[in-house]
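Lettering follows sequence order; numbering is per chain, from 1.
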Amino acid sequence: MYILVLLFIISFSALIVFSVKMQKEDKLKIAITTWIGYTPLIYADEKGWLSDIDVKIVYMSSLSENVFLYKSRGADAFGGTQYEYKLLNKKFDLCPVLLLNKSFGGDKILSNRTLEELKKSQKKIDIFLEIDSVNSLLLEAFLQKYKISQKNVNIININQTSIIDLNIKRDEPTIIITYSPYDTLVNKTLYSEVASTKNGLSISVIDGIFAEEDTILDRKEQFEKLKKIIDMAIYEAENNPKEFYSVIKYRTDISYEEFMQSKESIKWLNELKKEDTLKELVNVNIPPRICL
Amino acid sequence: MKITIFKLVIIVTIAISSIFYVIFFVNHMYQKEQSSKIIIQTVNNDMTELELILSQHLIKNTMASSRLYLDRKIATNNFIKAISIFEGNNAVLSTNQKYKYLPSTNCLNDNQKGCYYDFIKDATEISTEMVVRKDNKKSKYKIVLYIDKNATEEAISKSNSLFFSALVLIPTVFMLLVFLITKSMIVGPLKRLQLFSKSQDRIPSEMVILELDEVREGLIKSFAKIEDEKQDMYKMLRTDQLSGIANRTFLEEWFKERETYAQEMSSTMAVLFLDLDNFKTVNDSLGHNVGDDLLRDVALNIKSLLRKNDVVARIGGDEFVIVLSDYRDDSHLMEILDRIQSSIELLSHKHELITSSIGVAIYPNDGVDLITLMKNADMALHQSKQNGKNQYCFFASSLNDKLQDFIELSSDLKKGLTRQEFELYYQPQNKVTDRSVIGAEALIRWHHPKRGLVPPDLFIGIAEDSGFIIELGKWIIEAAFRQKREWEDFGSNINISINIGVKQLLDVNFVKYVAEMLEKYEINAGQVHLEITEYIFLSSKKDTFKIFTELKKTGVKISLDDFGTGYSSLSYLANFPIDIVKIDKSFVNDNSRKGLNFLEAIIKMGDALDLEVVAEGVETDIQLKCLQTNHCQTFQGYLISKPVPAKEFQKFLTK
């Protein structure tokens with residue numbers, strides 16, 4: 001009798017365990033690009049740290065692709081700037097999970113003319129940018145600062161991966177708004193930096209991971225572990241850059257030197273105190289709250 | 001062929017589970033194949049779609065700008081981990097630099113047919129050829145989708161888990177549950193019912209299954225009924241139907257048990273064979289109904305007189321056999337016999353004159369088995385009938401003689417008082433120092449007209465047993481007090497000691513009587529010594545103390561007679577109002593060193609407790625010397641005089 005009872009208990013327990021296992025949630029999908037600021041996630045993914053916490057990274061070619069994927073529920077969270085946040089916050093109750101970095105020259109405006117020439121240009125300036133991205137904020141700030149009229153510009157939407165197609169001598173004054181690492185695709189002999197988030201633009205661009213508040217609460221444990229992993233990855237990026245680069249290079253297709261330069265163009269925000277984090281959010285007109 | 005419920009349940013459960021297993025297994029394999037097919041089709045569809053999109057996109061756009069389509073495909077299909085596009089052997093575009101290798105032979109092509117599961121297990125890539133016509137130039141590309149093995153395995157293993165839990169665990173749990181329920185609610189209770197039906201000593205508790213519980217209740221009732229009937233039958237077989245008392249069967253069984261005990265304890269039992277005298281006359285004259293009533297009454301009467309370890313059985317007609325095992329001695333036995341006969345005689349007022357004759361045989365003297373004892377008791381009964389009925393007769397002649405004597409003496413005692421056959425003799429009590437007479441002990445003597453002088457040890461016991469002692473005792477006290485009065489009138493103030501029996505002392509009117517006599521004869525109470533034996537302490541301590549205290553109030557002294565031979569302890573001497581201790585003559589006669597030490601000890605103890613010590617049975621000068629040495633105060637014995645009549649005692653007073 002006792003053996004029967006024992007067997008029953010064991011079988012029933014096994015059934016419960018299997019049932020629970022089968023009801024396991026799908027992996028937490030986070031959409032990012034290969035922007036230097038998201039490389040800690042790439043590093044963690046390649047290292048297998050993220051599979052341990054059931055997180056899957058979905059690599060998109062641009063932030064607007066991220067937006068597209070998130071909108072179609074292809075991702076549970078996305079990497080983006082304040083631009084993507086505002087765009088999607090109209091439809092979703094978004095909340096910052098964590099802030100990754102602040103652009104410090106990583107977002108730049110390149111041109112085949114000098115700043116003065118652009119200001120005085122009689123010809124229309126062709127501006128190539130990812131319209132549905134933070135590029136448009138940079139453009140707005142640039143035009144405002146240097147008092148270039150909208151009437152003087154042709155705005156052409158371009159995917160960052162297509163930047164390479166612009167590496168031709170153009171007669172028209174041309175502006176390319178881009179961000180690391182896609183700026184490495186641009187021929188520097190043809191185009192030079194005229195402004196960036198480090199120089200000449202009084203605009204703050206921050207990158208973070210965003211998700212709906214409900215998602216954050218449901219998967220709080222995962223996001224907390226993710227934050228710790230990101231901190232570890234950023235530590236490796238700063239202290240073992242060569243090793244870091246060797247892991248992420250397959251995804252980014254840039255040289256080590258380009259990687260180091262890109263890294264200099266951002267400031268990590270992961271270790272900011274809560275008050276400072278909230279200040280950064282306020283600076284970019286995101287409601288000051290962190291849901292994690 | 002017989003089979004247990006348990007086995008039946010196992011077989012049925014296994015059979016049902018097996019059927020389901022087969023059904024589910026087939027379904028599971030089908031599901032697995034379908035899952036694999038869906039994965040392959042999904043990947044194939046994405047590849048086809050990608051080919052279509054790129055083939056259009058690349059007409060006017062660069063390869064680099066196609067990246068976003070590749071990223072989208074990977075993002076929306078969990079089973080694709082990377083996509084690369086090759087032109088010849090060169091990877092012209094890749095979502096992950098690690099996957100810039102051309103597919104292996106384990107490449108699943110889009111025309112795959114057959115067993116999908118087998119193929120998905122091994123497939124690592126899927127590829128297709130793409131042709132792009134741009135500026136009249138035809139470019140051939142190869143699109144390779146790299147399968148995420150982890151994702152495909154996870155998707156298929158999920159169904160494995162489902163299969164395992166649904167088809168292995170659930171039936172296992174179900175089966176075990178069925179076994180447990182069957183065992184605890186059906187098999188277990190049935191086993192308990194089976195045990196109960198075999199030996200009814202343990203009633204099974206209530207059962208959950210209603211039908212089984214009804215069976216249980218039915219069994220309990222049936223067994224209870226059988227038990228009651230068994231008891232009734234048992235009783236009936238051992239009960240005399242007419243009178244309701246035991247019958248011969250019961251008597252035989254009872255005697256067998258009781259005999260074992262009597263053997264172990266070496267005790268006796270008396271078997272009485274009782275027959276009603278002239279019962280036939282009652283039956284014939286008053287009818288059988290009256291006769292039956294009489295028998296019933298006799299049976300109940302006898303039964304009411306018996307104690308716990310006695311038994312009465314009707315063995316036939318008007319014959320009863322009584323076995324007594326709780327009697328002290330022959331006298332007590334005779335007392336019981338008298339009571340039995342008296343109780344039967346009492347029924348005479350309802351019926352004709354009813355008497356009984358009893359024959360008595362004693363175990364083990366007159367037999368060791370019931371048959372012999374009954375036979376001998378019957379012979380004794382026959383003798384008592386011959387002797388005139390309405391009497392009892394012992395089988396042993398010696399007992400009969402004793403009985404005869406007892407009856408005669410008992411009768412003569414009462415007559416003796418009336419005929420003034422009793423006389424008090426007196427033995428002087430003397431001072432040890434100078435042998436002067438300071439008192440006298442009154443001792444009863446009986447001048448029987450036929451027997452001559454009957455010693456007290458012969459008739460005092462009979463008087464005590466019959467209760468006559470109270471009357472006799474009163475006579476003794478009055479006679480002694482009268483004598484004392486005479487002596488006082490003569491000018492002698494000696495003490496007078498009177499022996500008081502236990503029954504006499506415990507009589508409710510005793511103290512009052514003593515006080516009355518003291519007053520009547522104007523006796524100095526302090527010179528009256530009431531001698532009481534140590535047997536008094538067998539009675540209630542409380543009662544004894546009360547009587548002693550009340551006696552003391554009258555002024556008399558209390559003397560503890562035959563000290564050392566009975567039941568007294570030092571605590572009695574300390575706590576009871578005793579004035580005098582009379583050392584038994586056995587101590588006085590003991591010349592051994594131990595005996596002398598005892599004597600000395602008693603005297604010193606008496607002295608220490610402020611008690612007067614009287615030594616009895618002093619017959620020699622040496623004994624007296626010894627008493628003198630130990631400073632004993634008083635003595636009595638043949639050294640001075642034997643008990644003598646009052647007239648003769650006078651000389652001691654004159655001296």
Side-chain angles (χ1 to χ4, degrees), chain A residues 1-24 26-27 29 31-34 42 45-46 51 56-62 64-66 68-70 72-75 158-167 182 185 248-253, chain B residues 6 10 57 60-78 80-83 91 93-100 148 150-151 154-155 157-184 187-188:
Chain A
M1 183 72 172
Y2 295 115
I3 295 168
L4 274 179
V5 171
L6 192 63
L7 281 172
F8 175 74
I9 291 168
I10 292 168
S11 311
F12 193 72
S13 306
L15 181 63
I16 299 293
V17 166
F18 267 105
S19 303
V20 166
K21 212 173 153 185
M22 269 169 37
Q23 289 188 26
K24 210 170 122 175
D26 290 332
K27 289 189 177 188
K29 277 164 105 174
I32 60 168
T33 64
T34 51
I42 300 171
D45 188 28
E46 292 296 316
S51 61
K56 183 175 176 176
I57 300 296
V58 182
Y59 298 95
M60 306 305 285
S61 51
S62 64
S64 52
E65 287 291 296
N66 273 8
F68 160 76
L69 188 69
Y70 189 79
S72 57
R73 297 296 193 185
I158 188 172
N159 189 282
Q160 293 293 318
T161 53
S162 304
I163 274 180
I164 201 166
D165 299 333
L166 297 171
N167 286 336
Y182 298 106
L185 298 173
I248 63 147
K249 66 181 180 184
Y250 298 104
R251 290 278 181 192
T252 57
D253 204 21
Chain B
F6 214 52
I10 291 171
H57 177 79
K60 290 185 179 176
N61 298 287
T62 61
M63 186 59 77
S65 63
S66 309
R67 174 69 187 267
L68 67 100
Y69 299 112
L70 272 59
D71 287 336
R72 280 187 190 177
K73 274 288 164 254
I74 294 170
T76 53
N77 192 326
N78 287 334
I80 304 170
K81 63 180 172 184
I83 303 173
L93 184 65
S94 181
T95 59
N96 191 328
Q97 304 305 313
K98 279 185 196 169
Y99 295 93
K100 279 186 168 179
D148 190 339
N150 289 339
E154 209 179 292
S157 73
K158 220 174 185 178
S159 70
N160 280 344
S161 299
L162 176 66
F163 171 72
F164 184 71
S165 64
L167 300 180
V168 174
L169 285 178
I170 290 176
T172 306
V173 167
F174 172 71
M175 260 178 28
L176 285 168
L177 196 62
V178 167
F179 290 157
L180 281 170
I181 290 170
T182 308
K183 196 168 167 67
S184 64
V187 175

inquiry  = Pair B:Ser65, A:Asn159 - check side chain to side chain donor-acceptor pair (under 3.5 Å), show working.
reply    = CA-CA 7 Å; B:Ser65 63; A:Asn159 189 282; over 6 Å; no
ask   = For the atom pair OH (A:Tyr59) and NZ (B:Lys81), what is the distance rounded to the nearest 0.5 Å?
value = 13.0 Å
message = I need the minimum non-hydrogen distance between A:Val58 and B:Ala75, along with the two atoms involved.
response = CG1-CB, 2.9 Å
query = How far does CG of B:Leu68 sit from OG of A:Ser64, to the nearest 0.5 angstrom?
reply = 8.0 Å
Close side-chain approach of B:Asn96 and A:Arg251, heavy atoms under 4.5 Å = yes
ask   = Hey, what do you get for OG1 (B:Thr95) to CE (A:Met60), rounding to the nearest 0.5 Å?
value = 11.5 Å
key: From CA spacing to verdict: side chain to side chain contact (heavy atoms under 4.5 Å, CB included), A:Lys27, B:Asn78   = CA-CA 10 Å; A:Lys27 289 189 177 188; B:Asn78 287 334; over 6 Å; no
message = What part of A:Lys249 gets within 4.5 angstrom of chain B, counting heavy atoms only: side chain, backbone, both, or neither?
response = backbone
task = Could you have a look at A:Ser51, A:Ala75, A:Gly74, A:Ser61 and say which one has the most heavy-atom pairs with chain B under 4.5 angstrom?
result = A:Ser61
inquiry  = Below 4.5 Å, heavy-atom pairs only: which of B:Asp71, B:Thr62, B:Asn61 has the largest tally toward chain A?
reply    = B:Asp71
request  = Test side chain to side chain contact (heavy atoms under 4.5 Å, CB included) on B:Lys98 and A:Glu46 and set out the steps.
outcome  = CA-CA 11 Å; B:Lys98 279 185 196 169; A:Glu46 292 296 316; 2.5 Å; yes
query = Roughly how far, to the nearest 0.5 Å, is CE of B:Met63 from OG of A:Ser162?
reply = 12.5 Å
